[in-house]
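Inspection log for the structure reproduced underneath, given as structure tokens.
Each chain gets a letter, A, B and so on, in the order the sequences are listed, and its residues count up from 1. Note that this is a predicted model, so its numbers are computed, not measured.
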Amino acid sequence: MRCGGDNAELMAAKRSLRKLRRSFYDRDAIDVARELIGKILVHRRAGEEFRARVVETEAYVGPHDLACHASKGRTGRTEVMFGRAGHAYVYLIYGMYQMLNIVTAGVGDAQAVLIRAAEPLGGWESDLSGPGKLAREMQIGRAQNGLDLTGSELFLLDDPADRPRVVRSKRVGIDYAGEWVHALLRFYDAQSASVSKPR
DNA sequence: GCGTCGATGGCA
DNA sequence: GCCATCGACGCG
């Protein structure tokens with residue numbers, strides 16, 4: 001992995017980045033989903049570090065939300081969603097793609113935020129415009145399920161200088177979810193070219 | 001540029 | 001028998 005060098009501006013920017021704490025995640029998914037836009041996702045693994053700026057998320061707001069996996073009850077797969085905020089919920093879909101989610105809200109309150117797209121940072125080129133591609137390219141999978149995001153392997157950073165214009169829309173790929181299809185629970189950076197389609 | 005379709009495996 | 005997806009294919 002490439003590491004910046006001695007550019008003064010870059011060093012100053014890096015110094016102001018702060019890891020998101022438990023309190024950031026311990027809120028309703030809808031608030032966390034909106035505020036995650038512009039945050040920096042970091043995955044350290046096997047001597048490599050992947051960084052990317054989050055540009056698209058979706059909120060899954062609890063058991064009453066028919067698109068939320070928790071609406072099917074507490075199962076082996078969804079167990080982490082019912083646990084403490086600030087942990088990774090990663091699952092396999094369509095037999096070949098892994099989805100990275102962030103558990104939010106209190107214990108027993110099963111809410112989560114799906115990370116759908118990001119822009120690679122740090123001289124690393126990759127297409128992260130979709131949840132399956134993002135997880136694959138950042139080498140995030142079920143091995144990372146349950147990881148504590150206040151730790152040092154998988155976490156998010158706040159860049160105080162990054163103030164994106166965030167817009168809302170319907171969530172993608174949940175046509176089975178009845179009236180919840182229409183809920184505006186998807187958030188994305190209006191300026192980003194890395195947002196997954198459709199707009 | 002669109003719509004349609006198949007891959008592929010864990011889970012309920 | 002579903003899927004919080006993606007990429008390949010066929011149109012005309």
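Remark on DNA chain B: of its neighbouring residues Arg142(A) and Met96(A), the 5'-side contact belongs to Met96(A), judged by nearest-heavy-atom nucleotide.
dT8(B) sits 14 Å from dC9(C) when the P atoms are compared, rounded to a whole Å. Separating the P atom of dG12(C) from that of dC5(B) is a span of 15 Å, rounded to the nearest Å.
Counting non-hydrogen atoms under 4.0 angstrom, Gly76(A) reaches the backbone sugars and phosphates but no base. Note on Gly132(A): only backbone sugar-phosphate atoms sit closer than 4.0 angstrom, heavy atoms only; bases stay farther off.
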If you apply the rule side-chain contact (heavy atoms from CB on, under 4.5 Å), what do you find for Met81(A) with His87(A), and how did you get there?
CA-CA 8 Å; Met81(A) 273 186 87; His87(A) 289 257; over 6 Å; no
In sequence, state the C-alpha distance, the side-chain angles, and the governing distance for Phe24(A) and Lys39(A), and then conclude on side-chain contact (heavy atoms from CB on, under 4.5 Å).
CA-CA 12 Å; Phe24(A) 178 90; Lys39(A) 300 295 188 283; 4.2 Å; yes
Trace of the salt bridge (charged side-chain N to carboxylate O under 4.0 Å, His left out) decision for Glu153(A) with Arg45(A)
CA-CA 7 Å; Glu153(A) 181 178 343; Arg45(A) 183 173 186 262; 5.7 Å; no
Represent DNA chain C in dot-bracket notation, 5' to 3'. Only Watson-Crick or G-U wobble pairs with both distances under 3.5 Å count; pseudoknot-style crossings use [ ] and interstrand partners use |.
|||.|||||||.
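Contact detail for Gln98(A) and Ile140(A): the closest heavy-atom pair is CB-O, 4.0 Å.
Atom-to-atom, CD1 of Ile93(A) to P of dA12(B) comes out at 12 Å; the value is rounded to the nearest Å. Here the P atom of nucleotide dA12(B) and the OH atom of Tyr176(A) are 14 Å apart, to the nearest Å. A straight line from NZ of Lys197(A) to P of dG3(B) spans 13 Å, rounded to a whole angstrom. The NZ-P distance, from Lys72(A) to dA12(B), rounds to 10 Å in whole Å. One interatomic measurement links the two molecules: CG of Leu92(A) to C1' of dC11(B), which rounds to 10 Å at whole-angstrom precision.
Of all nucleotides in DNA chain C, those with any atom nearer than 4.0 Å to a heavy atom of chain A start and finish, going 5' to 3', at dC3(C) to dG7(C).
Remark: aromatic rings of Tyr91(A) and His69(A) are close, center separation under 6.0 Å.
Remark: the backbone N or O of Val32(A) is not paired with any side-chain donor or acceptor of Arg27(A) at under 3.5 angstrom. Judged by distance alone, the side chain of Asp28(A) and the main-chain N or O of Ile30(A) form no donor-acceptor pair under 3.5 Å. Looking only at distances, no side-chain donor or acceptor of Arg171(A) sits under 3.5 Å from a matching main-chain atom of Leu185(A).
The only option from Glu119(A), Arg53(A), Arg165(A), Glu56(A) that meets the side chain to side chain donor-acceptor pair (under 3.5 Å) definition with Ser192(A) turns out to be Glu119(A).
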